[in-house]
Amino acid sequence: MNRSLPILAWFMLTIVSSGHLYADDRSHDFFEQNIRPILATRCFRCHGPEQQKSGLRLDIPEGLRGKGTFGTILVPGDPEKSTLYTALSHQSPKLKMPYQEEPLSTVIVANFKKWIDAGAVWPPKVDANTNDSGFNYNQRVLRLPWIWRKPIKPTLPSIQNSQWPLDPIDYFVYSKLAKADLQPAAEADPASWLRRTYFAITGLPPTQGAIENFIDNESPDRYEQVTDHLLDSPHFGERWARHWMDLVRYSESRGHESDFIIPNAYHYRDYLIRAYNTDLPYDQFIREHLAGDLLPNPRLNPETGANESILATAWPFLGEEVHSPVDIRQDECERLDNKIDVFSKTFFGLTLSCARCHDHKFDAIPQSDYYAMAGFLLSSSYRQVRFETMEANGRIARALQEFEHSYQQKLRRFIVNSFQASLPDIKRYWLAAAKVIKNPSSMEDTIHNQSVNRKQLNRWIDTFKQSRDQPDSPLYLLARAICSDNPAKDTPLQASRDNWLTDLRSPAANATHVIADYSDTHSTPWLTNGFSFGLNPRRVGELSFSPVNTVPVLSIFTYGAAVRNPDWDALSIHQENEVEPGAMASTERSNGMIRTPTVTLRDGLIHYYFSGKAKVYASVASHIMLAGPLHQTLIKELESDEPTWITHDLRDYKGHRVHFEFGPIGSAPCKVLQVIEGPNPLSGRLIANRFPSLVNFQTCQTLEDYASVMHSGYAMALKRFKDQSHPTGKAAKELAGWMHWMLQDPELFCSKLENYRQGVARFHKDYHSHRANRMKDIQLVSRTAVAWLDGNGVNEQMLLRGNYRTPDVIVTRNAPRALQTSLPPDISGSGRLQLADQMTDPDNPLIARVMVNRIWHHLFGNGIVRTVNNFGWLGDRPSHPELLDYLSIVFVEKDHWSVKAMIRRLVMSRTFRMSSNPVNGLANTVDPLNRLLHRMPVKRLEAETIRDSLLAVSGRLDRTLFGVPVPVHLTEFVIGRGRPTESGPLDGEGRRTVYTAVRRNFLPTMLLTFNMPIPFNSIGRRTLTNVPAQSLALMNDKLVYQQARFWAERILTQHVSENTESRIRSMYWTAFGRPADNQEVDLCLKAVTELASSHDCDRNDVRVWTDLCHSLFQANEFIYLR
Amino acid sequence: MLSTNTWTRREMLRYSSLGFGALACSELLAQQPVSTPPLVAPTLRRTAHFKARAQNVILLFMEGAVSQVDSYDPKPYLSKYHGQDPQQTIGPLEKTQFDNIGTVMASPWKVRQWGDSGIHASELFPHINRHMDELCIIRSMTSNFPEHTGANYFFHSGHGQQGRPSMGSWATYGLGTHNRNLPSYVVLNGGRIPSGGLDNFSNGFLPASFQGSLLNAQGTALANIAPNETQGSVQQIKRDLARKLNLELLRRSGPVDALESAIANAELAARMQIAIPNLMDLNRETKDTHTLYGLTSDYEHTRTYGRACLIARRLVESGVRFVEVTIPRIEGIDRWDAHKDISSNHRANALAVDQPIAGLLSDLRRRGLLDQTLVVWSGEFGRTPFAQGGTGRDHNQLGFSLWMAGGGVKKGITYGATDEWGYRATENTLTIHDLHATILSLLGIDHERLVYRFGGRDIRLTDVYGNIISDIIS
């Protein structure tokens, strides 16, 4: 090789790393595709930002310079001289990397060789503050300072016309208009205001009676009365929940190829309706969305006692899911991207997802912000939660645990008292047994001389005879000594004695890493869905009884484990509940599921130490569906009577993140001891049957020695067991093993065996009756809902250019940097609760502002910031910045985050009372987009409101709240794979549109025509189109025609005796909320005559009136609001 | 933005009252910095970025994925190594959908050279291949998604998930329509909607007027197109009444764009009620034309697809910009998705589409429409050169073939190549974004300048990618 090349390459590396010179793109690509991902996944853990073992750091080019402990780390151009290469290629016997892990594949090692050969080019790194793409964090903050700072209380503008304002809001609006020399529009007539307010608050039109009452009401506070009345209406929640559903892309199915259902998603919709109706303060609403599953005191439904708060956490799972992704990690990245997009737009009014691939092009959002948020999502998983019963049953679970705890002490005392009596005599029996075994004819003498009980002596003799051939028995050595002629000279005995303790194996020694260890109480986070596994693992040494109505037996846990408690076997789910689609349906996990922490698979061979029967789901890459040809191996059925090692081969998923969910099957028992990853199937046991800390035979020579050691071990075991100081670790296992042995053979140790047995029976009965008393209140049947289950903290790796094949450094979970908060470092779970606290701090500049702006948007047609989901640089600037600040402060400080109070405030303003007709032509010329609010805009009703109005006007509206969605009515145009098998009724049972099923791929045609958004992303502001298909729908859609017919029948029944004209006038009130003028009445009368003649029928014929009703539905005034 | 035209809404309305019947997208014309438009009416014919080679596009979408090695990219190696382990012969393989890798599998179809151009292709499509000298075959396509739904979304919208506008929406958003009585982007449903459903034809965040309107080739053509009223006079009375009441409202409210547009829309809707049934009425076509498209075939699915192809021609003739034709639903045959038996699956599908497509090409040519109509034939990806299990082929996004004809593409050529196995594209490798950039450029649109502001940034059909395949443009 050319000698100058390394020097040249070094030169390049030095310069390149300082960011001035670019090597060509191909070498960059080679590094990003083949080198950096390997460094990131296999090396950074020990040689990265967090740890630098042997002083080596491999995430920055500077870290590769100079000499390491084993020589020069990197010699560009010369792999053989680079320690990095020799270590990775396992050439050097001294140093083989990755340490104690499977070596890198030959392809990867060859890539490293290629890379070093070509000069070890390391592309320039983009700096967090300033980089080549021009990202300067501080400048970015200053670019839009107002969104990043807390709202500032503005002074009220002084205005000329002090008569106009009704609320401080009006001062801000008037002042802006005055500056542009504009006049606000005149006040709308009361009927228009009423119709506008009805739609704004409830989404339904006022009845004729309501309008007439309002017009006749001469009370000065009639506006307030109506507003309060509407805000108290249950229909308020339905209307405003739907606004929020747009933001979280609410759907009840997972879209993609087959549109599988999201089981029981509608509880989230009902949660929203209740939240708005009870005026849940918005900060609490946000807290519940971010951490409703983690709140120490969740909100309970006052009627049912159900956990209300946890329902808010369904939102992450309402997006699209792929049933069988070929590349599961790519799919995870897409899912995460969607969640982060919804998250950041909905709560912050920011577009964080731009930062997936690079620092934000315009806003103060570095790329790391995206990955800092991703960690929160990755730290929690999907579940179906028994939200209706979890609180009540949680109290029972805690009471049972407390009872269990106190009962343990009682039982321990009872056992020690029962066994202790034999302590002074027992050694005598052993020595007597030794004599008789060696000389059977000495039996009678021995009984007499030693004053031992014959029956008891025989028991011991038999036991020793058996144990001498059982190397596993705790009595093995003593039995050998007893049966030996001369223990001191017995070579085989001595050999066994010497080897006896070295046989203790720890299975974990063979592991690459321990994923979960429930045999050791403290090491593994306790993550369960439901209470079937209790509130913590059963500890080694805990006593337990045989089940109720069985032979009373007292036993002891000789190993710790996550143990399914049969007390909860009778749990079931409500018959209304929907079942998980695909293979996940086979494991009903809401009754009791335990999951391990999330880890990254190294070798991919997983070993469960398990007994009982269960299905385990290896949730790779946070995937939640199994409904296709791939990934079926992620579910495995486990079955074993005794704790056994069972291997699950996940080598296909090496390098992926995974957690494991154990779901019991039927009422089968289930004990999970350990989950371990390791290259070879494991052997060895966790159950101790040798007790070095109690008995140590090392120096024993004579029989007397053996017996003394055994005897003192016995005494010590009883003493320790009685003591409250509970040993831990190995000592605990030994003690439990010893006590287990004793409890199995109480005859040997109890001088008063009958008393012991009666005692056990008494305790058994008492224990079960106490528990039964508590358990009778268990609520067996529950509905379930989609919710988060918190896991362990997981931090995401930054992906270069957003590409999952090029992972980079790990980013710690955090809120966006510009919000200037940071989570405490010692968080064990996801940290969402802490995030929620910080986000709802009144100092957060965005949460209140974004919400106030949304409310304004819904009432006035445009937000103060029109781009309600994007307050950033590419969004719009606020039209009334001081007003927005004012409202944000009022929202938090005066209204205490009350959405109803804020709506009331806006609706009661003079601004909201303006007519939609401008005061003169100038206004439209100066302010064509009405940014200054010189009038109220004319608004088209939303899709749902149009349908609801049809039902309300026709009289068909069923005002029932909540519940299972009404299936979509399927027309021949609602087609595709996964189409629901049954069509819903044409009129959706008359229910409000918010209760119509939202099947992502099968949305109702008419609603789509009127711009109901396809739920793929957060929509804060709907597109409103004006297209011929809408006219066609009103002309020819079957539903519209059907409702016209209902309406006509109603008119003809209710107004039997009335003449045509009065019927027409009444119809105007109902459909348009105002009186008809004479010209309009004339037009309708003429049409009635013509229709009757065309149909060749009477003027009172239902066909005539159906057609007239249908015409009014087609009139613009029906769907446009002034 | 396309036009620097500064018409006001008022002027537009005047234009519409002269019979145009629709308002244009205000945000395009007025260049307002609005993230989502206010009220938007249908499309207006607009000027292109540069000279258009094609006025219209007909996309013949072969959903389920046609096998390239059994059609337009035949490979002798497959016969030579038939039955051998592909991991040994081809080398390391990417994971496939079913991951049930069988042996290298020869094509069941014979291969020959076609036309003067002498291009090699199998005998799977004997009718189409008679037009070989018109075709521009691309053999180096790739996709990013190896399963149908993601790949279908990607093929249509340049994005692997639902929610983005389809290329037909982008094209009509960019160009508007020639026809005042019909939607500008039409999907002719041959019986089978691609995986991912109607979102493949979605307008995404573009105004709804740009979404693909689904017309059924059989039965009722369009939702709500059939009048409720049995008597025309009744409908007329009702429409008149609504119109007069609308004018009353307008008088009360003063000039409001939304209300004026809605009046215009009602009129267009009424015209569509006449135009669409006329369009679907194939009795006006000659017997010869019926035969040409296979409408007289014994095979039901040839007749269905033939009908769709014939309507497609009538649509472009009427000035509809973008027409997509979906494949028929054949009992027991899952699209082109030949996981089990490539031979029976592809035979059934080819029998349905071959003659109608050939008929469409002939018909377009003889009417002089082929020069201004770009015909694109493609699936969402290709299939593996090795078997899935026994005799099927699994998905393969690493290399596949499509063809184009007419509308400014070179004739009788092949472009790009896969390896000896037809497994990976190796020469002039192309992406879906390149295809999109090229289709738009043939329509006269610069894909880098056709943008729409959504969610805080200007979004394109081609995202930040896409190169025009200038080598295939004539």
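Protein chains get the first letters and strands the later ones, always in sequence-line order, with residue 1 at the start of each. Note that this is a predicted model, so its numbers are computed, not measured.
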> With only heavy atoms counted, which part of A:Ile1014 is less than 4.5 Å from chain B, the side chain, the backbone, both or neither?
Replying inline: side chain
> Considering residues at least two apart in sequence or located in another chain, which fulfil the side-chain hydrogen bond (donor to acceptor under 3.5 Å, both in side chains) criterion with A:Ser1018?
Replying inline: A:Thr346, A:Asn869
> So, for A:Ser1094 and B:Val234, which heavy atoms are closest and what is the spacing to 0.1 Å?
Replying inline: CB-CG2, 3.8 Å
> Under 4.0 Å between a Lys/Arg side-chain N and an Asp/Glu carboxylate O for A:Asp1077 and B:Arg251?
Replying inline: yes
> So what's closer than 4.5 Å to chain B heavy atoms on A:Leu1003: side chain, backbone, both or neither?
Replying inline: neither
>> Less than 4.5 Å to any heavy atom of chain B: does that hold for the side chain of A:Glu320, its backbone, both, or neither?
In response: side chain
> Which atom names give the shortest non-hydrogen contact between A:Pro1028 and B:Leu268, and what distance separates them?
Replying inline: CG-CD2, 3.1 Å
> Shortest non-hydrogen contact from A:Arg1122 to B:Leu249?
Replying inline: CD-CD1, 3.8 Å
> Just wondering, are more than 12 heavy atoms of other shown residues or ligands nearer than 6.0 Å to CZ in B:Arg252?
Replying inline: yes
> When rounded to the nearest 0.5 angstrom, what distance separates CD in A:Gln1114 from CG in B:Leu245?
Replying inline: 10.5 Å
> Which bit of A:Lys939 is near chain B, if near means a heavy-atom gap under 4.5 Å: side chain, backbone, both or neither?
Replying inline: neither
> Do A:His256 and B:Glu147 have side-chain atoms, one donor and one acceptor, less than 3.5 Å apart?
Replying inline: yes
> Could you walk me through whether B:Lys244 and A:Glu1080 pass the side-chain contact (heavy atoms from CB on, under 4.5 Å) check?
Replying inline: CA-CA 9 Å; B:Lys244 284 174 186 153; A:Glu1080 289 162 335; over 6 Å; no
> Can you list the steps and then say if B:Thr96 with A:Val326 is a side-chain contact (heavy atoms from CB on, under 4.5 Å)?
Replying inline: CA-CA 7 Å; B:Thr96 62; A:Val326 176; over 6 Å; no
> Of the backbone (N, CA, C, O) and the side chain (C-beta and beyond), which part of A:Ser353 lies under 4.5 Å from a heavy atom of chain B, both, or neither?
Replying inline: neither
> Checking heavy atoms, do the side chain of A:Phe1010, its backbone, both or neither come under 4.5 Å from chain B?
Replying inline: neither
> By a 4.5 Å heavy-atom criterion (distance strictly below it), what part of A:Arg1074 contacts chain B: side chain, backbone, both, or neither?
Replying inline: side chain
> Which pair of non-hydrogen atoms, one from A:Ser1111 and one from B:Ala242, has the smallest distance, and what is that distance?
Replying inline: O-CB, 4.0 Å
> Between A:Arg977 and B:Asp334, is there a side-chain N and carboxylate O pair less than 4.0 Å apart?
Replying inline: yes
